[in-house]
Every structure is written in structure tokens, then in C-alpha cells.
Amino acid sequence: GQQVMQIPQYQHVQEGEDFTTYCNSSTTLSNIQWYKQRPGGHPVFLIQLVKSGEVKKQKRLTFQFGEAKKNSSLHITATQTTDVGTYFCALLRNAGNMLTFGGGTRLMVKP
Amino acid sequence: GAGVSQSPRYKVAKRGQDVALRCDPISGHVSLFWYQQALGQGPEFLTYFQNEAQLDKSGLPSDRFFAERPEGSVSTLKIQRTQQEDSAVYLCASLKVAGSYEQYFGPGTRLTVT
């Protein structure tokens with residue numbers, strides 16, 4: 001079945017630096033979702049993208065869906081210590097609504 | 001609280017023991033999902049219910065895993081004869097109606113098999 005790959009696996013940044021995580025697929029995706037999981041916590045839904053070339057913003061977070069719908073990115077501007085956690089992209093399957101998650105990017109922010 | 005709740009939060013089992021993990025979804029949510037999350041990995045789908053019907057159990061790793069949702073609300077994931085490779089966090093998520101897309105996850109049950 002379809003899989004999504006995420007890079008990088010880990011990212012250390014200094015507080016105030018920007019951060020980007022990428023999600024890639026070899027096949028066209030119908031949608032992509034992004035989740036954040038704090039250390040010791042559970043995944044929390046951030047956003048869903050469905051349209052080719054779509055860009056959505058939530059405060060310092062910018063989400064993009066590629067023109068070919070084979071990749072997506074999450075960009076955080078001026079990271080803060082509260083951004084620490086693992087960011088997952090996930091594909092929502094049309095039949096059944098179950099999610100297929102990428103491996104995640106773990107973000108660590110040095111104050 | 002209005003969120004998804006799971007119990008127990010932590011479970012230590014000796015290899016060969018049976019365990020039962022409980023999920024209370026958000027009231028009125030039609031769909032319920034179980035995921036398994038190994039350390040440092042993304043969650044992996046196990047099984048899915050719509051009301052009381054188990055519509056997909058393709059992700060269950062073996063016949064030692066069994067899930068039920070008899071009245072369409074609370075669900076139980078049972079693992080028989082636990083093995084060390086079953087050690088993981090088991091996450092439950094609920095979805096308001098079929099066709100909606102935001103899944104609400106519970107805090108998970110961390111299972112450690114010794």
C-alpha cells in the first residue's frame with residue numbers, strides 16, 4: 001500500500017531558528033495530514049491538505065502540499081521551546097479513514 | 001473530560017500473560033481506531049470499528065490480538081500470551097462521523113512485556 005517517508009529523522013535547532021520537515025511519497029496522495037506529538041504525549045491533529053499546491057498557515061507554522069501531490073512540508077518560523085516534539089505526516093485512507101503515518105521528525109529546540 | 005480516555009496508562013506483563021486495554025472514545029463518536037506505536041516510530045494501524053462493527057482488522061499482527069466494541073462505545077483490545085515484541089504504546093483514536101477527518105487520540109497505554 002501507499003507509504004509516506006519523512007526526513008529528517010531528527011533536527012536540533014537553536015531557539016529562534018527555522019525548521020522544516022518533509023514528507024514524500026512515490027505515488028500521488030489524495031490528502032496529507034500533519035500531527036504533533038509532544039514527548040510522552042499523544043498525536044494531536046494539526047491540519048489536512050487536499051489540493052494540489054495548497055498552502056495553509058497557522059501562526060508560525062506553514063504547511064504545503066506539492067503540485068504533484070507527492071510531497072508535503074511543514075515549516076516552523078522562529079522556533080520556540082514549546083515547538084519541541086515529533087511531527088508526523090499521515091495519509092488518510094479513503095476506505096475506512098485509518099491513518100498511515102510517516103516515521104516522524106523529532107524536533108529539539110535549544111533555549 | 002471530553003477527550004478520549006484509555007486505561008490503564010501503564011501495564012507491565014510477564015511474557016505469556018494476557019492483557020486487556022480499554023478505550024473510552026469521545027461520546028457520540030462513531031468510528032474508533034486502535035494503533036500500535038513502537039518506540040521512536042510512527043503509529044501503525046491495527047483495527048477499526050464503525051459503531052459496534054469491526055470493519056477492518058488487517059493491521060492486527062497475529063491471532064493473539066483481538067478487539068471488540070460490543071455496544072458501539074467502549075472498546076477493548078486484548079492481547080493473549082504476550083510476547084516481548086508486543087511492548088509498545090497502544091493508542092486509541094475516535095472520529096465523529098464517517099467522512100470527517102480529524103481523529104482524536106487518547107493518551108495511550110504503554111505496555112511493557114518482561
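Predicted, not measured: the structure shown is a model, and the values here were computed from it. Chain A is the first sequence line, chain B the second, and so forth, proteins listed ahead of strands; every chain is numbered from 1.
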Part of [X] lying under 4.5 Å from any heavy atom of chain A:
{"X": "B:Leu55", "value": "neither"}
{"X": "B:Gln37", "value": "side chain"}
{"X": "B:Tyr35", "value": "side chain"}

Please classify the contact between [X] and chain B as side chain, backbone, both or neither, with a heavy-atom cut-off of under 4.5 Å.
{"X": "A:Leu99", "answer": "both"}
{"X": "A:Gln6", "answer": "neither"}
{"X": "A:Gln9", "answer": "neither"}

Legend entry - Distance-only side-chain donor-acceptor flag, A:Thr21 / A:Trp34, under 3.5 Å: no

Inset, instruction - Would you kindly say whether B:Thr47 and B:Gln54 are connected by a side-chain donor-acceptor distance under 3.5 Å? - result: yes

Considering only heavy atoms from C-beta outward, does the side chain of [X] approach that of [Y] to under 4.5 Å?
{"X": "B:Ile79", "Y": "B:Leu111", "answer": "yes"}
{"X": "B:Pro25", "Y": "B:Arg69", "answer": "yes"}
{"X": "B:Tyr90", "Y": "B:Leu77", "answer": "yes"}

Inset, instruction - Determine the minimum heavy-atom distance between B:Asp18 and B:Gln80, stating which atoms define it. - result: OD1-CA, 3.3 Å

Legend entry - Largest heavy-atom contact set with chain A, pairs under 4.5 Å, which of B:Gln41, B:Glu102, B:Arg110: B:Glu102

